[in-house]
There are 2 protein chains.
Amino acid sequence: MASLLEGQARPIRLADIARAAGVSHGTASNVFSRPEIVRAEVRERVKAVAEQMGYAGPDPKGRLLRAGKVNAIGVATTEPLSYFFDDPFARAMMGGISEACDATGAGIALVSAANQEKLAWNIQSALVDGFILFCIEGGSRLVDLTRERRLPFVALELGFQDETVSAIGVDNVAGARLAARHLAELGHRRFAVLSLAFADGRTGFATPDIVRGALYTGTRDRLAGYFEELARFGVDTTKIPVYETENEEKSTRAGLEAIFAKDEPPTAILAMSDRMALIAIDWLTARGIKVPQDVSIVGFDGVPDGALCTPGLTTIAQPITEIGRRAARMILDHDGAVRRETMGVELIVRASTGPARKG
Amino acid sequence: MASLLEGQARPIRLADIARAAGVSHGTASNVFSRPEIVRAEVRERVKAVAEQMGYAGPDPKGRLLRAGKVNAIGVATTEPLSYFFDDPFARAMMGGISEACDATGAGIALVSAANQEKLAWNIQSALVDGFILFCIEGGSRLVDLTRERRLPFVALELGFQDETVSAIGVDNVAGARLAARHLAELGHRRFAVLSLAFADGRTGFATPDIVRGALYTGTRDRLAGYFEELARFGVDTTKIPVYETENEEKSTRAGLEAIFAKDEPPTAILAMSDRMALIAIDWLTARGIKVPQDVSIVGFDGVPDGALCTPGLTTIAQPITEIGRRAARMILDHDGAVRRETMGVELIVRASTGPARKG
DNA sequence: GCAGAAATTTGAATCGATCCAACAAAAATG
DNA sequence: CATTTTTGTTGGATCGATTCAAATTTCTGC
């Protein structure tokens, strides 16, 4: 009785089918994976037995071990899982990754975790052939963790200068210059910068020291781009307030409060992400400050949402979807080489920027 | 020489470490999975050897086979992968699923495929502990395919009446009645229905025969709800045009063309999804037909986007996130039982509905 | 210094498949 | 009818780990 019950609970294995059908496990395996090389009569018999015993088909867990390849790519971030579905930048990126995966039939495994410890575990135990890393905050830690798996991986939004890891990013300096020039040409001379983090966990006005010691060189490059270009228009960049935020609502609003509490509020804001730019538009509008009549804003990223809001967001657009596609392809066609690609960016002028107020 | 080169290429296994460190595989395994039971001295030695040989840590492929549990849930649909990141309903649902997975540290594997054959393969080979199925079109096929894996699964947006599968859905009849009553009470008497599919691949005006033979009972129930309630207000429901679409732009627009080509155009539209409702608003506005002054629209689903567009969409809101959470929990805490849950819905009145024109 | 308890370590068995060299049977060829 | 080909089947080896009962070592207390 007991053995009968146990038999019920235990899932049926290929070997059980083979035994019941009176063939070797080799043949039974072939029935499922290469049916054409098995004699029709045998094939049908085995299939019938499998059907009758309620066999679920070859367990991918077993196959995997033998085959070695999972046929899935992991996408990891330090944010919670919902980030992939909420954040417009992430979503656009995932769109590109999806496309590449759809084309080759690969799957996508989302990896993230509530805390650092779990993140480490999740990366160690993810069943994937490689990783795409969304390096937002804590990007360097994510890279370190992933490196240990010794699987191919590519860092997105690179940020930090580690030439030994594959990465795809954009020309931050060029993009920043485009943004700055656009505003300068509209006559703006008083600026503020809503900056991404220079190092983990920081927030508040950034000093030159902080900028020099930047862990995230992407942030540093954007700032450098802004300043270089503005300097060419005779702007004293040392006077420009640079507020470091975490690319979310709370700290961005805090930054705006701080910036507009100053004596000479800016007529133009350079935001290092569209997310922050959109929050800024919202904040300003709620305070009766008109965009772009009173204050102009340029974002950075080119997320689809920027086209839909009112006013439409002027921004430096990255080829987000294309970056996603390429990242996925890098993992899928991995050849062992380290690749670093820098994509071009483009100024998209919409309604959030306008001529500076006279006077 | 050759053997040396081969040694380079072949990844290092736990057994290699054990041999090099002069311990058994059992001990080597313990060093990584339960370090506390290994004597400190031995532990450090093994770790040092592992480090020095460039061991990537225990391969999850091997562990998996032994452990049996993947600690990930698969989310499957017949749409392309990008659906998960584009579609507002799917995104809201994924938000709920993410939450539940984050809470337990489980991963999410996205499963989909370009064609039916690949879909079958992807479902067969997905490394997951269970599935959540997005049953849009082709839902019944998706369920059949998944059933073969003999893993726990739950169907979302149930639709069809198969009492043997776990599912979470909403009270379609009640929701539809709420929508219909709202419009009727506003004085509307001329209606049109933008319907979801009654069976796969259909599009165009639905006849009573089609409705009776519905494969997707969810669609049928919503229609029944609309009609029941309207009948109570004395509306002749046999005159109401019901256009079946595929819940995307093209066929929805075709439906609107067809509906407004009729002699007596409706003053109110009952849309079975917010997606279609939003497309309808867009289509009408583009034609100079004012919403809600000329035509009122009620959607169904309650996606976040409905609150943001202009005019805000009046809709029947499902507790989407909560459904996602529950679905994930069903898989994570699976106990072998078949569960069918029906969630309540709620009428959310925004600006897309207004009093019927006099006359 | 020794028995007995406690802490470590061992190594075979197992998870569920696929692969492949060797063999057997059937078919084709001379 | 003997010989070569072709076709189909077999069963052991392997993928990379974990587990657990048994063996061994170390520690306690006297």
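Every value quoted in this text rests on a predicted model; they were computed, and no experiment measured them. Labels below follow one simple rule: chain letters A, B, ... track the order of the sequence lines, proteins then strands, and each chain is numbered from 1.
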Name the closest nucleotide to the [X] side chain, picking from [options].
| X | options | result |
| --- | --- | --- |
| A:R13 | C:dA17, D:dT18, D:dT10 | C:dA17 |
| B:S29 | D:dT19, C:dA12, C:dG16 | D:dT19 |
| B:D59 | D:dG16, C:dG16, C:dC19 | D:dG16 |

Could you check whether any side-chain heavy atom of B:F153 comes within less than 4.5 Å of a side-chain heavy atom of B:R147, counting everything from C-beta outward?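 Yes, at least one pair of side-chain atoms sits under 4.5 Å.
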Are B:Q116 and B:L119 side-chain neighbours, meaning at least one heavy-atom pair lies under 4.5 Å?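 Yes. Closest side-chain heavy atoms under 4.5 Å.
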Quick one: is [X] getting a side-chain N or O under 4.0 Å of the [N] phosphate, OP1 or OP2?
| X | N | value |
| --- | --- | --- |
| A:Y55 | C:dG16 | no |
| B:S24 | C:dT10 | yes |
| A:R39 | D:dT7 | no |

Spacing of [X] atom [atom1] relative to [N] atom [atom2], expressed in whole Å:
| X | N | atom1 | atom2 | answer |
| --- | --- | --- | --- | --- |
| B:I12 | D:dA17 | CD1 | P | 11 Å |
| A:L64 | D:dG16 | CG | C1' | 10 Å |
| A:R19 | C:dA17 | CZ | P | 12 Å |
| B:I17 | C:dT10 | CD1 | C1' | 18 Å |
| B:I37 | D:dT25 | CD1 | P | 18 Å |
| B:N30 | D:dG16 | CG | C1' | 15 Å |
| A:L65 | D:dA13 | CG | C1' | 13 Å |
| B:L127 | C:dG16 | CG | P | 14 Å |

Looking only at side-chain N and O atoms, does A:Y216 offer a donor or acceptor that is under 3.5 Å from a partner on A:D200?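 Indeed, the side chains of A:D200 and A:Y216 share at least one donor-acceptor pair under 3.5 Å.
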Judged by each residue's nearest nucleotide on DNA chain C, which is more toward the 5′ side, B:V38 or B:R66?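 Looking at DNA chain C, the more 5' nearest nucleotide goes with B:V38.
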Taking for each residue the nucleotide of DNA chain C with the nearest heavy atom, is it B:A67 or B:T27 whose nucleotide lies nearer the 5' end?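 Of the two residues, B:T27 wins.
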Is it true that atom CD of B:E36 has more than 12 heavy atoms of other residues, nucleotides or ligands lying nearer than 6.0 Å?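 Above 12, so yes.
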A:Y55 ring center within less than 6.0 Å of A:F32 ring center: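 Yes, the ring of A:F32 comes within the 6.0 Å limit of the ring of A:Y55, centre to centre.
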Any N or O donor-acceptor pair linking the side chain of A:R63 to the base of C:dT18 at under 3.5 Å?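 No, no donor-acceptor pair under 3.5 Å.
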Would you indicate what B:F32 reaches in the nucleic acid, counting non-hydrogen atoms under 4.0 angstrom: base, sugar-phosphate, or nothing?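 It contacts nothing in the nucleic acid.
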